[in-house]
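Notes to accompany the following structure.
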Amino acid sequence: MSETLLEVTGLAKHYPVRKGLIVAKQVGTVRAVDGVSFSVSRGETLALVGESGCGKSTTARLVLRLIEPSAGSIRFEGVDVTRITGAAQRAMRRRMQIVFQDPYASLNPRLTVAETIAEPMLVHGIGDAAARRKRVEELLSLVGLRAFHAQRYPHEFSGGQRQRIGIARALSVQPDLVVCDEPVSALDVSIQAQVVNLLKDLQRRFGLAYLFIAHDLAVVKHVADRVAVMYLGQIVEIGDKRSLFASPRHPYTRALLSAIPHPDPERRGQVKPLGGDLPSPLNPPPGCRFHTRCPFAQERCRREVPELRRLGPGHDAACHFAETLPPAGLDFTGGLSENAAKRLALYAKARAA
Amino acid sequence: MSATTETEEPIAPPRPGVLARLIREPAAAVSLALVTLIIAAAVFAPLLAPTDPYDNDLSLAMQPPGSEGLPLGADAQGRDMITRLVYGLRVSLLMGFAAVLLGGGLGALLGFLAAFYHRWLDGPIMRLVDILLSFPAILVGLAIAAIFGPGIFSVVLALSVATVPLMARIVRGSAMVVMRLDYIEAARATGMTDARLIWKHLAPNCLSAIFVFATLRFGQVILLGSALSFLGLGAQPPVPELGAMASEGRNFLFFAPHIAVVPCVLIFIVVLAFNVLGDALRDALDPRLRV
């Protein structure tokens, strides 16, 4: 289980910003992802969380090489996938698949479900037509659809069903790693439970590793083994789910966790919401990128960039004052909102059924 | 599980084919019948035509429609209008198809490449298109006729060249929208070749734009071809071509209007029928609109 499958080191994606009518001059750089490192073990789920625009989805696409990184390396089973091209790269794609956020945009409306699911197999020359047909049926039943759905078109399905089709497509070539880019955030809560549980079941069955992009902490709490928190293109805290939820070490993680709505009226007064907006990645603040919004910011934070430091077993955070922060005073382990707790119960119930 | 997964396999009626869906719409059915008739008339021209298109009898010159043995009359040289029309249809349709297929095909390919390899090819391809676009079709026709001499070949070439930039622009616009959708990224993530991605995922989803423009352009091309013939750059007398026939007829507009009017009416019917059919075909080919 602990064998490292994916190792990402110093990954960066910088977009040049050009201006000028005739001769375009580079006037700046958007640092969408700026030096991100993490690893995913076989069969493990690493959740990547953070606000909109923090670079989660860019990181996911970089890992799959759907966009080219500006710097850094991505090792998959020890092979640096940023260096391979052509046929070798296409062969590598079989090992890493993706499930998208929007189930309405991620299926080609001109292909039947059978064609969509069989296509990755066709591309990689797996089986003959009959074998592929059989496999499509298997996959459909695996994701909770029926064999007769194979001849239908995507527009004939609901969002949840489409997401299942997307999952079946990702699994058709038996990948080792599936990147889930907010796979349930476009779905109704009742459907979320089904899809999340399906993903967990499939993981157990096939030993899949997930890189799970999300901003919904209730979902993350349910599916993740480890959690990485991103802020402005960098990872500010990464650790085991239990330890991270029990004792968040970075002020940003604390803010994220305390932003989960809570029914206890006494608690409401204690939560100080983060002020301000996410600074522009075009011009990130010097020093610690979070210092503009951090309630504990000091002079040092404005000057010195904090490195990710080991603060506990498998738990790193990038804060100069991680050890000396006042205790959060809030319990995040059980203290999810009533709604979130209800949803977790719903997930559990759906699984038992 | 959702409700549909629980139900037994429905005994669904077989999906109606493209043709069945097509003729459900009355306008589409009529246009299909008309187009079939038009194409059949052009293909079987030698069997349908009562006489030879070059047979003239000056004693019958400018006979009005309804004269004995001449339901649509005769032209200034005393040639049977019906014969001239079916043979003229042949030339006009061939011109239209050839120009739309050649020019539209090349234009669509350029459009796909510009959208797909946006970073590298969009600039060069679209500037080329802009250059082509800045020449009026008639001017291109003049230049080509000057090089190759007037004739059907020159007309087809000129109309193809005039169609390329228009199709390229339309396809590029449509393809750039599709390129942003997740299923293109999903297709890329499966590791397929660029050619397959363009052919299976990009092109089919731009089909409606291509179809509408191709049928619209087909009508325009026939009109433009007629205009070129009218100017004397296209079909040379005595070759029958609808535009050329209208051109010949204009000298006699006051004495024998049918010589110009009849070919024009036929051009009108052909263009209209193809446009309506193109629209209907686009809808019939879209799986989202299937019932």
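All chains are named by letter (A, B, ...) in the order of the sequence lines, taking the proteins before the strands, and each is independently numbered beginning at 1.
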**Item:** Choice from Leu207(B), Thr193(B), Leu181(B), Asn205(B) maximising heavy atom contacts with chain A below 4.5 Å
**Value:** Asn205(B)
**Closest heavy-atom pair and its distance - Leu107(A), Tyr183(B)** = O-CD2, 3.4 Å
**Message:** Give me the atom names and distance for the closest heavy-atom approach of Ala186(B) to Ser106(A).
**Reply:**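 Of all heavy-atom pairs spanning Ala186(B) and Ser106(A), the closest is CB-O, 4.2 Å.
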**Most contacts with chain B, counted as non-hydrogen pairs under 4.5 angstrom, among Met96(A), Arg61(A), Arg94(A), Gln101(A)** =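 Of the options given, most contacts go to Arg61(A).
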**Item:** Max heavy-atom pair count under 4.5 Å with chain B, selected residue of Met92(A), Gln97(A), Gln89(A)
**Value:**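 Heavy-atom pair counts peak at Gln97(A).
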Can you establish whether the number of heavy atoms outside [X] located under 6.0 Å from its atom [atom1] is more than 12?
X: Phe268(B); atom1: CZ; answer: no
X: Phe135(B); atom1: CZ; answer: no
X: Lys200(B); atom1: NZ; answer: no

**Request:** Give a yes or no on whether a salt bridge exists between Arg196(B) and Glu119(A), defined as a side-chain N under 4.0 angstrom from a carboxylate O.
**Result:**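 Between Glu119(A) and Arg196(B) there is a salt bridge, with a charged N closer than 4.0 Å to a carboxylate O.
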Rounded to the nearest 0.5 Å, what separates atom [atom1] in [X] from atom [atom2] in [Y]?
X: Ile184(B); Y: Leu66(A); atom1: CD1; atom2: CG; result: 12.0 Å
X: Arg188(B); Y: Leu64(A); atom1: CZ; atom2: CG; result: 12.0 Å
X: Asp182(B); Y: Ile98(A); atom1: CG; atom2: CD1; result: 7.5 Å

**Asked** Side chains of Thr190(B) and Val173(A): does their closest heavy-atom pair fall under 4.5 Å?
**Response** no
